[in-house]
Amino acid sequence: MIDIKLIRDNPEAVFQAMEKRGEGRESIDEIIGLDNTFRRFLQEAEALRARRNEVSKQISLMKEKPADLIAEMRQVGERISQIEAESSEITARLEDKLLRLPNLPAADVPVGKDSQDNIEVRSWGKPKEFTFKPLPHWELGEKLGIIDFQRGVKLSGTRFYVLRGQGAQLQRALINFMLDLHVNAHGYTEIFPPFMVKKESMVGSGNLPKFADNLYHDIEEDYWFVPTAEVPLTNLHRDEILTPGTLPLYYVAHTSCFRREKMAAGKDSRGIKRGHQFEKVEMYKFVEPETSVSELDKLTRDAEDICQKLGLPYHVIQLCTGDMGFAAVKTFDIEIWAAGCREWLEVSSCSNCGDFQARRANIRYRPDSESKPRLVHTLNGSGLALPRIMISIIENYQQQDGSILVPEALHPYMNTRVIK
RNA sequence: GGAGGGGUGACCGAGUGGACGAUGGUGACGGUCUUGAAAACCGUUUUAGCUUCGCGCUAACGCGGGUUCGAAUCCCGCCCCCUCCGCCA
C-alpha cells in the first residue's frame, strides 16, 4: 500500500509513477476524492464527539440531570452515528482502492511496457554443447520413470504430476541442499510456516484483494492456500513493533505453493514447468529502509549462488516498470538454461518491496529505544523454485543413453551419482 | 463438536456505568547517591488519525454491533486462549 499522505500531497508524482506501470489516472483521482470526503466526515464527527465528551463530563458532575442537555446530546449522538455510517462506507471504498494500487517503482528501474523491455544485467556459464540432440524433461522423465504425468492427471487433473523414485529424491535433495546453503552460508533462519492462512495475511503480502482469482480458497473455514512462502513469511511480524537491534531478519522457508493459474490455461502445459502445486524455497528479509537497496543485491547473489553450485548457466534480468510485480519497487529475475526445451526458465524473482507490504501488514521497528516506530522494508526472492531447477538439471545433465548425472553439489544428498 | 473459565498497555495484574488512556508491580530509559556497579530513592515511559501544528481534539481495554447524555465496565454475535469430554495423524 502506498502512503495516502503521499497521494494527498503529491498526486502528480504518484500518477507519473503509476503511468510507468501502465496504470490509469482514474483510481488516483478517485482516491483523492474519497479521502477528501472522508476527512470532512471525520472532522465533523470528531468535533461532535468533543462536544459530547465535554457535556457528558458536566452532566456527571451535576446532581440534577438537566433534561434539555440530555435531549441535545441524544441528537448529537444520532448525528454522529449518521456520519459514522456514511463515512464507514467511504472508508471501505477508499481502503479497497488503496489496496489495489501497485507499488511505486524505484527511480532507476528501466521504463517499459512488458518483458520485451527487460534488461539483462549479467550472466554466468554457457549453455552446454551436446553431441546428440538433448531431449526435453517430459520425455526423459517418463522414460526414467521419475515423472508420472498420467497418474498425476488421474489423481488430480490437468497440471498435476507425480514424482517417483529418484525423481522424488532429486527434489528432496535439492530442497535440503538449498536450505542448508542459505542457513549455513548465507545466514538465514529456517522457518516452516502454515500453508493455509487467513485473509488478513493475504492482504498483508499484497495477494488480496486484487489477485483472488489466482488463489485456492477453502470457503467453509475461510482458509487461503499460500501461492508462495512469501505470504506467511511477510505475516510472521504482522502488527509488530520490532525492538532495537532485531533487524535485519533473514528467513528461508520451503513450502508447497498453490496457484490456480486460471488466466494461463493452455500455456506451458507440457512438462512440469507450470503446475497448480509446486515446491519452492523462499528467502525473505526484513531490513531497515536505508539498507534495502544493497540487501536486494545480496539477496539476488544468494539465489545465484545456488545456480552456480549446481552448475546451471543463468542470466540475471532486471524487470522494467511494466513487467514488475504488484508489490515490488525493483526486481531481478534469474533465468536458467534448459537444454531440452531450449529456453531460459525463470527460477527466481528477487524483489525489494520497500515499505509497501510493511504498511499493509503494519510491520514496524524502533531504531533505538527512544525513537518512534518506523516501517521496515521487506524483500523476497525464490531460492529457488523446484520444478524448474529439476527441468534444468534433467535436461542439462542428460547423457546420450538417457541417464542423468547428479550435480556434484547434490552428492551428499543423493544415494546415487547417476539417475538411470 | 459439547461443557466451564478467561482475553486490559512491552510483561504481570487491578478496575462491574461518569473525573479511567486506565491503580499497582516488573522491565526499559534518565537522574540522585557511588571510585565503579548493585541496592535504595526521584522522575520518564502506548499507538495512530485529524489538525486552527496548540502535546489542541479524536480514537483504541480480543473483534464487530447494541443500550446510554456517557461503556474497559451492561446486552448480543463472532474470534482466540486455558481446563474437562468427544473425535483424530
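All heavy atoms count here, side chains included; hydrogens, waters and symmetry mates do not. Quantities reported herein were computed from a predicted structural model and do not represent experimental measurements. Quick note on labels: first sequence line is chain A, next is B, and so on, each numbered from 1.
As rounded to whole Å, 15 Å separates atom P of G18(B) from atom CD1 of Ile70(A). For Leu61(A) and G70(B), the CG to C1' distance is 12 Å, given to the nearest whole Å. In this structure, Ile80(A) places its CD1 atom 16 Å from C1' of G66(B), rounding to the nearest Å. The interatomic distance linking Met73(A) (CE) with G17(B) (P) rounds to 24 Å, in whole Å. Atom NZ of Lys198(A) is separated from atom C1' of C63(B) by 10 Å (rounded to the nearest Å). Regarding Asp222(A), its CG atom lies at a distance of 16 Å from the P atom of C78(B), rounded to whole Å. Nucleotide G70(B) holds its C1' atom 14 Å from the CD atom of Glu72(A), rounded to whole Å. Atom-to-atom, CD of Glu220(A) to P of G1(B) comes out at 11 Å; the value is rounded to the nearest Å.
Listed by chain and residue number, nothing satisfies the ring-ring contact (aromatic ring centres under 6.0 Å, His included) test with Phe38(A) (two or more places apart in sequence, or in another chain). For Phe332(A), the ring-ring contact (aromatic ring centres under 6.0 Å, His included) test picks out no residue, with sequence neighbours left out. Residues satisfying the salt bridge (charged side-chain N to carboxylate O under 4.0 Å, His left out) test with Glu288(A), not counting sequence neighbours, are none. With sequence neighbours left out, His217(A) forms a ring-ring contact (aromatic ring centres under 6.0 Å, His included) with Trp224(A).
Considering Tyr250(A), Tyr284(A), Tyr188(A) as possible partners of His182(A), the one that fulfils the ring-ring contact (aromatic ring centres under 6.0 Å, His included) test is Tyr188(A).
A gap of 22 Å separates the C1' atoms of G13(B) and G17(B), to the nearest Å. Nucleotides A71(B) and C20(B) are separated by 15 Å at their P atoms, to the nearest Å. With C1' as the reference atom, C63(B) and C80(B) are 10 Å apart, rounded to whole Å. For the C1' atoms, the distance linking U58(B) with G6(B) amounts to 31 Å, nearest Å. Nucleotides G2(B) and C50(B) place their P atoms 44 Å apart, quoted to the nearest Å. Taking atom P on both nucleotides, G7(B) is separated from G43(B) by 31 Å, rounded to a whole Å. Comparing the same atom, C1', in C69(B) and in G15(B) gives a spacing of 23 Å after rounding to whole Å. Look at the P atom in both U47(B) and A37(B): the space between them is 29 Å, to the nearest Å.
Between Arg374(A) and Asp355(A) there is no salt bridge, since none of the side-chain N atoms of the basic residue sits less than 4.0 Å from a carboxylate O of the acidic one. Using a 4.0 Å cut-off between charged nitrogen and carboxylate oxygen, Arg39(A) and Asp35(A) count as a salt-bridge pair. Between Glu84(A) and Arg49(A) there is a salt bridge, since at least one side-chain N of the basic residue sits less than 4.0 Å from a carboxylate O of the acidic one. In summary, Arg274(A) and Glu261(A) engage in a salt bridge, as defined by a charged side-chain N under 4.0 Å from a carboxylate O. Ionic pairing of Lys5(A) and Asp9(A) is not present here: no N-O contact between side-chain nitrogen and carboxylate oxygen is shorter than 4.0 angstrom.
If you check the side chains of Gln82(A) and Arg79(A), you find a donor sitting under 3.5 Å from an acceptor.
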Indicate every side-chain donor-acceptor pair of residues 239-246 of chain A with a distance under 3.5 Å to a residue at least two apart or in another chain.
{"from": "Asp239(A)", "atom 1": "OD1", "to": "Asn362(A)", "atom 2": "ND2", "distance (Å)": "3.1"}
{"from": "Glu240(A)", "atom 1": "OE1", "to": "His237(A)", "atom 2": "ND1", "distance (Å)": "2.9"}
{"from": "Thr246(A)", "atom 1": "OG1", "to": "Thr243(A)", "atom 2": "O", "distance (Å)": "2.6"}

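Heavy-atom distances under 4.0 Å link RNA chain B to Arg364(A), Arg366(A) of residues 358-366 of chain A, given in residue order. Annotation: proximity of residues 30-60 of chain A to RNA chain B (heavy atom, distance under 4.0 Å) is found for Arg39(A), Leu42(A), Gln43(A), Glu46(A), Arg49(A), Ala50(A), Arg52(A), Asn53(A), Ser56(A), Ile59(A), Ser60(A), numbered in ascending order. Residues from residues 1-10 of chain A lying near RNA chain B, meaning a heavy-atom separation below 4.0 Å, are Lys5(A), Arg8(A) in numerical order.
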| query | Which string of ( ) [ ] | and . matches RNA chain B, if you list each base 5' to 3' and count Watson-Crick or G-U pairs only when both distances are under 3.5 Å? | reply | ((((((((.[[[..)..(.....]]]((((((.......))))))(((((.....))))).[[[[[..)....]]]]])))))))....
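Note on residues 349-376 of chain A: pairs passing ring pair (Phe, Tyr, Trp, His ring centres under 6.0 Å), not counting sequence neighbours, are Phe326(A)-Phe356(A). Each side-chain hydrogen bond (donor to acceptor under 3.5 Å, both in side chains) pair with one or both residues in residues 14-32 of chain A, not counting sequence neighbours, appears once here: Glu12(A)-Arg25(A). Applying the ring pair (Phe, Tyr, Trp, His ring centres under 6.0 Å) test to pairs two or more places apart or on separate chains, those with a residue in residues 137-179 of chain A are Phe160(A)-His276(A).
Residue-to-nucleotide proximity on RNA chain B shows that, of Lys372(A) and Ser81(A), the 5′-proximal contact is made by Lys372(A).
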